[in-house]
Amino acid sequence: MNQKGQLVLVRHGQSVWNKQNRFTGWVDVSLSQEGMAEATMTGKLLREMRFDLAFTSLLLRAQDTLYEILKQNLYCDQYMRIHETRSEWYEHFTSTQADLMELKIYLSEKLNERYYGDLQGKNKEAARKEFGDERVHLWRRSYDIPPPGGESLEMTALRVIPYYDTQIKPYLKKGASVLVSAHGNSLRALIMHLERLTPDQIQAYEWPTGSPHVYHFDSHGRLQHKNVLS
């Protein structure tokens, strides 16, 4: 492991519903062709980076982005997927040398995209006509106002940040290099926490696909510096 912890955050590539301008949330749609190309491009940016473990959501678009990145990586020959709810099944045995060569990928619902409730599946232009521009803008960009039946960014943070603190941060304190492939809003919640941004600052935060964020930590898990690859 590296002497100092390193966290690489990757936003998944364009999905089929992104392309159709629809609210996606927890609907499990696939990457578009453009999204796969974006994942490949991200993989090339991270090609020479060695990872000790990875985390992703339960949604295919984040997983497929991660697998494409690892396919490009010089140091990842094989990996093991571990579902959060079934992790004990994988951990009860004594590892062999072959097992130790596998990069473990932890899958968790806690890293899923923000749940959009009644908006999921709706075209964004159609939603604006139905509910009004101002209300839809509030649901999309405010910190603490959820759409009907869905989550606000604040509610998303309430599941993402505890997961980071208990499942990811301990590895960073040990000097691990950790890769996370997730979603625009779950990552915005985490970035707000890492960079100590205000609700107003995170509302204006834009993150284009294909631009991994790399965070470096000291041995106490304190953020030292950040760079964005492109």
Side-chain angles (χ1 to χ4, degrees), residues 1-13 39 42-59 61-85 87 90-91 95 99-113 156-157 159-197 207 209-230:
M1 293 185 180
N2 299 328
Q3 186 175 0
K4 294 184 178 180
Q6 174 179 273
L7 175 65
V8 180
L9 302 183
V10 173
R11 181 182 177 187
H12 70 75
T42 302
K44 290 178 179 177
L45 289 173
L46 302 176
R47 185 169 181 264
E48 298 183 12
M49 206 173 277
R50 188 188 295 271
F51 298 106
D52 297 303
L53 69 163
F55 293 83
T56 189
S57 77
L58 294 189
L59 301 173
R61 56 194 188 273
Q63 294 177 31
D64 287 346
T65 296
L66 175 61
Y67 303 146
E68 183 61 27
I69 289 170
L70 295 178
K71 187 191 301 183
Q72 305 289 326
N73 194 266
L74 292 176
Y75 302 103
C76 182
D77 295 324
Q78 54 193 27
Y79 51 77
M80 173 193 291
R81 289 171 285 200
I82 301 176
H83 289 259
E84 180 182 51
T85 55
S87 62
Y90 294 89
E91 304 292 351
S95 297
D99 296 324
L100 296 176
M101 296 297 291
E102 294 180 324
L103 183 139
K104 290 183 178 179
I105 299 172
Y106 292 91
L107 284 67
S108 176
E109 183 180 276
K110 301 294 194 300
L111 295 175
N112 276 14
E113 177 58 292
T156 306
R159 57 177 165 83
V160 172
I161 294 171
Y163 184 79
Y164 167 79
D165 285 339
T166 59
Q167 304 300 319
I168 300 176
K169 188 175 181 179
Y171 289 105
L172 298 174
K173 293 172 72 172
K174 295 176 183 176
S177 178
V178 180
L179 174 61
V180 176
S181 175
H183 307 266
N185 284 298
S186 56
L187 291 174
R188 285 172 69 222
L190 182 52
I191 287 169
M192 182 179 178
H193 176 65
L194 293 174
E195 301 185 25
R196 299 185 179 182
L197 302 179
W207 186 352
T209 54
S211 299
H213 287 35
V214 184
Y215 294 86
H216 302 272
F217 299 84
D218 65 16
S219 59
H220 300 287
R222 294 177 298 211
L223 178 61
Q224 297 298 290
H225 60 94
K226 163 197 172 183
N227 58 300
V228 178
L229 306 180
S230 60

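Nearest approach of Val10 to Leu179, heavy atoms of both residues: CG2-CD1, 3.8 Å. Across every non-hydrogen atom of Ala62 and Ser57, the tightest pair is CB-OG, 3.5 Å. Across all their heavy atoms, Leu46 and Asn73 have their closest contact at O-ND2, 3.1 Å. In terms of heavy-atom proximity, Met80 sits nearest to Glu102 at CE-OE1, 2.9 Å. Residues Pro212 and Val8 come closest through the heavy atom pair CB-CG1, 4.1 Å. The nearest pair of heavy atoms linking His183 to His12 is ND1-CD2, 3.2 Å.
Taking CD1 of Ile161 as the start and CG of Leu190 as the end, the distance is 7.0 Å to the nearest 0.5 Å. A distance of 8.5 Å separates CD of Glu113 from CG of Leu59, quoted to the nearest 0.5 Å. Once rounded to the nearest 0.5 Å, the distance linking OG of Ser108 with CD1 of Ile82 reads 12.5 Å. Atom CZ of Arg11 and atom CZ of Arg61 lie 10.5 Å apart (nearest 0.5 Å). To the nearest 0.5 angstrom, Met49 atom CE is 7.0 Å from Ser177 atom OG. Rounding to the nearest 0.5 Å gives a distance of 10.0 Å between CG of Asp52 and OH of Tyr171.
Judged by distance alone, the side chain of Thr65 and the main-chain N or O of Gly13 form a donor-acceptor pair under 3.5 Å. For the pair Ser211 (side chain) and Ser230 (backbone), a donor-acceptor distance under 3.5 Å is absent.
Looking at Tyr164 and Leu172, their side chains come closer than 4.5 Å, going by heavy atoms from C-beta outward. Proximity of Gln63 to Ile105: side-chain heavy atoms (C-beta onward) are nowhere separated by under 4.5 Å. Put simply, the side chain of Leu194 reaches to within 4.5 Å of the side chain of Phe217, judged on heavy atoms. Counting only heavy atoms from C-beta outward, the side chains of His83 and Leu58 approach each other to under 4.5 Å. At least one side-chain heavy atom of Glu68 sits less than 4.5 Å from a side-chain heavy atom of Gln72. Looking at heavy atoms from C-beta onward, Tyr215 lies in side-chain contact with Ile191 at the 4.5 angstrom threshold.
Here the options are Lys226, Lys4, His225, the test is side chain to side chain contact (heavy atoms under 4.5 Å, CB included), and the partner is His216; only His225 passes.
Shown here is Gln224, whose CD atom has more than 12 heavy atoms of other residues, nucleotides or ligands within 6.0 Å. Heavy atoms from other residues, nucleotides or ligands lying under 6.0 Å from NZ of Lys71 number 12 at most.
Tyr67 has its ring centre less than 6.0 Å from the ring centre of Tyr79.
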